[in-house]
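Structure, as structure tokens:
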Amino acid sequence: MPAKKRNSSPAKVREAARAAAEGQDAPQRMPTWPKWETKVDKVKGRSCVDILRGWLAHVPDIGPAGSPPREGIGTIFAIDAILPTVPITGDLVTPISGARSGVLHEAYYLLHKAIHVQITCAQSVRAGLHTWAVVDAYQASLFALSSLMCFLGITIERDGSDFILIDVWGASSPDEIRKQGLRGEGEVYQFVRFKTLDHFHKWAILKRMLRTLDGNFPLIVLLSEAINGRDDKDFARHRNRVHYDSDGWLASDLLQPDHGDFVKQAQSPQGLFEEILAGSPSGTVYLMCALIELASQFANELRGSGILAEEHTLLDRRRPAVERLINFDWTAI
């Protein structure tokens, strides 16, 4: 004898009737977000030399020197129109143009922010306020990290509550254009959607970019080897201790200055490397300096553009602060 058919609840009956009347299928389940690590793996390798040379065709008109970008990348109509179409899974690679000069402008402005905080950090070390110097160093590192991403072609925009990684260079190589089945040699951008994009996601992106970067900058190798083995959430450890632990502090400078060597001056590239690798408070300061120096080296490759001459003069204001924190020549690396 067949099993007795179960009656649906009145609510289920009403829902089925409404769907039938409207000719609609049952609601579709939203795609499951993949692990964020798979999103980071979508970031493509690139040639540092090719990108820095390519920027010369997209130099922004920054006036006066040090001015912020006049508009966000997402306000460009072609970009704004495509953001909602970026899928949850995979990525979107498409011919598009108009954002490169804006990304380069972001790179310079973020570097100015990083240098401003670096100067504050050096002043705090001199004043014996080591704890807040380390916290400042982490903040400056975040600015420098974002600046490096921009110099290498990557910026971040928002689409509702999601974050969209926009890569204006990584998908434009001839091999990548052929792989995508595209034609021509125009600008080709990559879009990757993230549900969240916290600090540690950005550290993971930076680690991948440095690891896959083809370039002749010795500082790239030093930085990549120093940070690649560290947990992505470890970089904020000292800052988080001060911010979120009620009893969290670093040096003995809470009530009065501490003029000891809690934050030591780096005396050699090897010492800088070891402290960054260990994640010490001094290493946090050294990491800030190394990230800012690498971004400044990228900018230096664009000095041939007279339009940016005043920008580069402003970047040089970091040097006295660096000398208080780093006691060796970067060319020794």
Side-chain angles (χ1 to χ4, degrees), residues 66 107-151 199-200 202-203 206 219 222-223 226-227 230 233-245 248-269 271-299 313-330 333:
Y108 277 97
Y109 195 65
L110 287 162
L111 184 51
H112 287 313
K113 287 186 176 184
I115 290 171
H116 175 90
V117 185
Q118 181 185 38
I119 292 170
T120 301
C121 173
Q123 291 171 344
S124 295
V125 170
R126 169 176 277 185
L129 305 176
H130 296 273
T131 295
W132 213 249
V134 175
V135 175
D136 280 343
Y138 180 72
Q139 182 62 56
S141 292
L142 291 178
F143 286 138
L145 184 163
S146 296
S147 175
L148 282 170
M149 287 172 57
C150 286
F151 271 118
H199 295 184
F200 65 91
K202 291 185 177 182
W203 286 110
L206 178 68
L219 193 49
L222 182 147
L223 268 170
I227 69 175
R230 291 180 57 183
K233 296 183 179 180
D234 182 61
F235 297 97
R237 172 164 46 96
H238 302 301
R239 174 260 196 185
N240 288 349
R241 180 183 171 195
V242 174
H243 276 244
Y244 303 126
D245 293 351
W249 204 250
L250 302 178
S252 58
D253 58 354
L254 180 60
L255 304 179
Q256 60 185 9
D258 173 9
H259 293 288
D261 62 350
F262 183 82
V263 174
K264 302 183 292 292
Q265 188 184 45
Q267 299 295 318
S268 68
L272 177 138
F273 172 85
E274 291 172 355
E275 295 286 349
I276 293 175
L277 182 64
S280 68
S282 291
T284 300
V285 174
Y286 303 163
L287 176 59
M288 167 196 68
C289 292
L291 292 172
I292 290 174
E293 189 62 27
L294 181 58
S296 298
Q297 289 181 9
F298 286 171
T313 298
L314 277 180
L315 296 181
D316 288 340
R317 76 191 191 279
R318 75 188 186 280
R319 298 193 183 281
V322 174
E323 290 172 1
R324 293 186 193 132
L325 304 169
I326 305 292
N327 188 28
F328 63 82
D329 188 344
W330 290 104
I333 295 177

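Residue indices begin at 1 and follow the sequence shown. Because the structure is a prediction, the values reported are computed rather than measured.
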Original post:
Are Leu272 and Ile326 close enough that some pair of their side-chain heavy atoms sits under 4.5 Å apart?
Top reply: yes
Subject >> Where at least one partner belongs to residues 272-284, residue pairs that pass side-chain hydrogen bond (donor to acceptor under 3.5 Å, both in side chains), sequence neighbours excluded >> reply: Gln270-Glu274, Glu275-Ser280
**OP:** Quick one: closest heavy-atom pair of Pro257 and Ala127, and the distance?
**Re:** CB-O, 3.3 Å
Subject >> Atom pair CG (Leu222) and CG (Leu294), whose distance is rounded to the nearest 0.5 Å >> reply: 10.0 Å
**OP:** Could you tell me whether Arg319 and Asp316 have a side-chain N and a carboxylate O separated by less than 4.0 Å?
**Re:** yes
Original post:
Got a donor-acceptor contact below 3.5 angstrom from the Arg318 side chain to the Ile292 backbone?
Top reply: no
Original post:
So do Val134 and His130 actually touch side chain to side chain, heavy atoms under 4.5 Å?
Top reply: no
Original post:
Can the ring centroids of Phe273 and Tyr286 be said to lie less than 6.0 angstrom from one another?
Top reply: no
**OP:** Can you sort out the partners of His238 under side-chain hydrogen bond (donor to acceptor under 3.5 Å, both in side chains), two or more places apart, ordered by chain and number?
**Re:** none
Original post:
Which heavy-atom pair separates Ile276 from Ala226 by the least distance, and what is that distance?
Top reply: CG2-CB, 3.7 Å
Original post:
Are Ser141 and Trp203 close enough that some pair of their side-chain heavy atoms sits under 4.5 Å apart?
Top reply: yes
Subject >> Taking every non-hydrogen atom, the tightest pair across Gln118 and Cys289 >> reply: NE2-SG, 3.7 Å
Original post:
Do you know which two heavy atoms are closest between Phe151 and Ala299, and how far apart they sit?
Top reply: CZ-CB, 3.7 Å
Subject >> Straight-line distance of Ile115 CD1 to Glu293 CD, nearest 0.5 Å >> reply: 9.0 Å
**OP:** Write down the atom of Ala133, the atom of Val285, and the distance for their closest heavy-atom approach.
**Re:** O-CG2, 4.5 Å
Subject >> Donor-acceptor contact present, side-chain Ser146 to main-chain Leu142, <3.5 Å >> reply: yes
**OP:** Indicate whether the side chain of Arg317 and that of His112 have a donor and an acceptor atom separated by less than 3.5 Å.
**Re:** yes
Original post:
Rounded to the nearest 0.5 Å, how far apart are OG of Ser268 and CG of Asp329?
Top reply: 13.0 Å
**OP:** Kindly compute the distance separating CG (Leu315) from CG (Leu111), expressed to the nearest 0.5 Å.
**Re:** 5.0 Å
**OP:** Evaluate the side-chain proximity of Met288 to Gln139: yes if any heavy-atom separation is below 4.5 Å, no if none is.
**Re:** no
**OP:** Taking the side chain as every heavy atom from C-beta outward, state whether Phe235 and Ile227 have any pair of such atoms under 4.5 Å apart.
**Re:** yes
**OP:** Any chance you could measure Leu219, atom CG, to Leu291, atom CG, to the nearest 0.5 Å?
**Re:** 8.5 Å
**OP:** Give a yes or no on whether the backbone of Glu323 and the side-chain of Gln265 come within a donor-acceptor separation of less than 3.5 Å.
**Re:** yes
Original post:
To the nearest 0.5 Å, how far apart are CG in Asp253 and CG in Asp258?
Top reply: 6.0 Å
**OP:** Report yes if the distance between the aromatic ring centroids of His199 and Tyr138 is under 6.0 Å, otherwise no.
**Re:** yes
Subject >> Minimum-distance pair of heavy atoms, taken over all atoms of Leu325 and Cys121 >> reply: CD1-SG, 4.5 Å
Original post:
So Trp132 and Trp249, would you call those rings parallel, tilted or perpendicular, with 30° and 60° as cut-offs?
Top reply: parallel
